[in-house]
Amino acid sequence: MLGGFNPYQPCWDTINDKDDFNINSSAKTHIINPLETEAERSIRTRTVTPVVTGSSVAAFTFKDGVILAADILGSYGSLAKYRNHPRIHQVNDKTVLAVSGDLSDADYIKEAIDTKVDEDLVQEDGGEMTPLALYSWCTRLMYHRRTKFNPLLTSIIVAGMENKEPFLGRINDKGSAYKEFLIMTGIGNHLAQGWIRTILENSNKLNKDQAEQLMDRIIKQLFYRDCRAFARYRVCIVTNDGVEFKAKEVQPDWSLAPLLRNTE
Amino acid sequence: MSSIGSGYDLSASQFSPDGRVFQVEYANKAVEASGTVVALRCKDGVAFAIEKIITSRLYESGSNKRIHNVDKHIGMAIVGLLADARQLLTTARDEAKQYKHDYGVSIPVKYLADRLAMYMHAYTLYGFVRPFGCFILLAAYEGDGPQLYGVEPSGVTYNYFGIAVGKAQQTAKTEIEKLKLSELKLEDAVKEAAKIIYQVHDEVKDRMFELELSWVGKLNDGKHERVPKHIFDDAEKYAKASLEEASDDDDEM
């Protein structure tokens with residue numbers, strides 16, 4: 001009657017055992033365990049700091065679409081451990097998802113989304129995940145986890161074409177979400193957003209090639225200044241014609257270094 | 001052939017004195033009353049053809065489809081009570097989803113058929129539920145080649161080369177046996193399946209019907225889907241043409 005409450009079994013794993021929104025099985029009803037509230041638990045078993053992290057993601061909209069770029073590094077603290085881990089994920093032919101922050105949480109989110117997309121596909125009614133729908137869903141998920149004091153320690157960028165118009169939005173680990181023409185996560189937010197915003201005030205006049213060139217500039221700047229950056233990166237361009245990925249590598253010019261007063 | 005249950009057919013938890021479970025046999029009768037399905041496993045794929053009987057001109061075409069996708073690579077064709085089969089479809093989809101979540105790969109159709117069979121069998125054991133009144137056909141094209149499984153209301157599965165289930169199953173079965181399935185290509189199998197449906201369709205009892213065709217095979221990379229429009233039109237034309245040929249032959253005699 002109490003839906004599986006067993007007083008002889010420890011309850012301190014209830015948060016990590018349960019999955020949110022019945023991602024794993026739709027047939028099971030959502031059972032609420034009586035000892036689930038924060039006040040009744042005294043042991044914290046969740047991770048509070050991210051373990052394997054991705055650095056910044058840069059994204060902005062241009063005249064006909066959205067462009068995103070993220071390097072393919074998974075850092076284990078300051079160790080550049082996983083050097084071929086792309087962080088931009090295609091959801092369908094008009095939506096992409098980019099992640100920064102804890103990468104295992106990012107994988108959880110990606111898997112949940114892929115499952116959702118597969119479920120919709122088999123219904124054969126033409127219903128498809130649009131960027132706005134994905135943005136709303138991610139917001140609810142992140143906020144729900146924040147409310148339980150067990151956040152997913154990632155920043156998610158949702159980008160794509162919504163009703164043939166470019167869409168770009170970001171959700172952070174607190175469930176705070178916003179839509180903008182320029183979004184940067186991680187340290188790129190501090191290093192690059194200011195000067196790009198000035199350039200991009202007229203962003204709707206940029207065409208695809210100009211946008212790509214600007215993005216290459218941004219990534220190069222981040223590579224110079226961000227200690228957790230990596231030279232190899234992926235650029236993703238979403239337009240009404242579909243999703244395109246490009247693999248690139250930063251060609252840095254370190255001859256500047258002696259000229260800068262603070263370096264030896 | 002039908003013997004009266006006379007008291008031993010009230011629930012699935014009862015055997016009759018001669019060892020039959022009547023409720024399961026009655027479930028099979030529900031299957032036999034439904035529109036025919038012809039499934040052909042040929043050299044490089046599996047084709048489904050369904051005679052979806054339409055009882056009223058007021059229904060929108062394409063409503064109440066009887067072919068569905070379980071996962072991207074597995075197709076399910078339904079014979080029998082549609083509402084019962086919809087629950088099985090949901091169960092199958094959940095199984096496939098859970099398998100993918102646990103093992104990272106799509107569920108092999110053999111395992112799905114087994115699990116679905118176990119589920120259907122569970123409903124034949126108790127007095128407070130009734131067996132599912134539907135026969136489920138599962139088709140996929142996997143690494144080892146095309147696979148076609150059928151699950152009966154009793155919970156038994158078989159692996160088929162070709163099968164017909166429903167109203168005209170006996171006649172359709174004889175037609176299937178005439179084909180050389182191991183040499184047939186998928187594009188031809190689709191046409192042959194459509195032809196059989198047109199042949200066994202009873203014009204007198206069920207005036208209107210809609211043909212549903214789907215395929216899965218090497219040519220679409222193992223992704224189960226309804227046949228493209230031009231293939232569907234070709235298959236229908238072929239089926240109608242062979243019907244006319246047959247009736248011309250009859251006229252000559």
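Chain A is the first sequence line, chain B the second, and so forth, proteins listed ahead of strands; every chain is numbered from 1.
Ionic pairing of B:K229 and B:D233 is present here: one or more N-O contacts between side-chain nitrogen and carboxylate oxygen are shorter than 4.0 angstrom. Electrostatic pairing of A:D118 and B:K100 counts as a salt bridge here, judged by a charged N lying under 4.0 Å from a carboxylate O.
Looking at B:I67, only its backbone comes within 4.5 Å of chain A, counting heavy atoms on both sides. There is no contact between B:K65 and chain A, counting heavy-atom distances below 4.5 Å.
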Step-by-step side-chain hydrogen bond (donor to acceptor under 3.5 Å, both in side chains) determination, B:Q98 to B:D102: CA-CA 6 Å; B:Q98 189 59 35; B:D102 290 339; 3.3 Å; yes

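Comparing B:K72, B:H224, B:E95 by how many heavy-atom pairs each has under 4.5 Å with chain A, the most go to B:K72.
A:K248 places none of its side-chain heavy atoms less than 4.5 Å from the side chain of A:R234.
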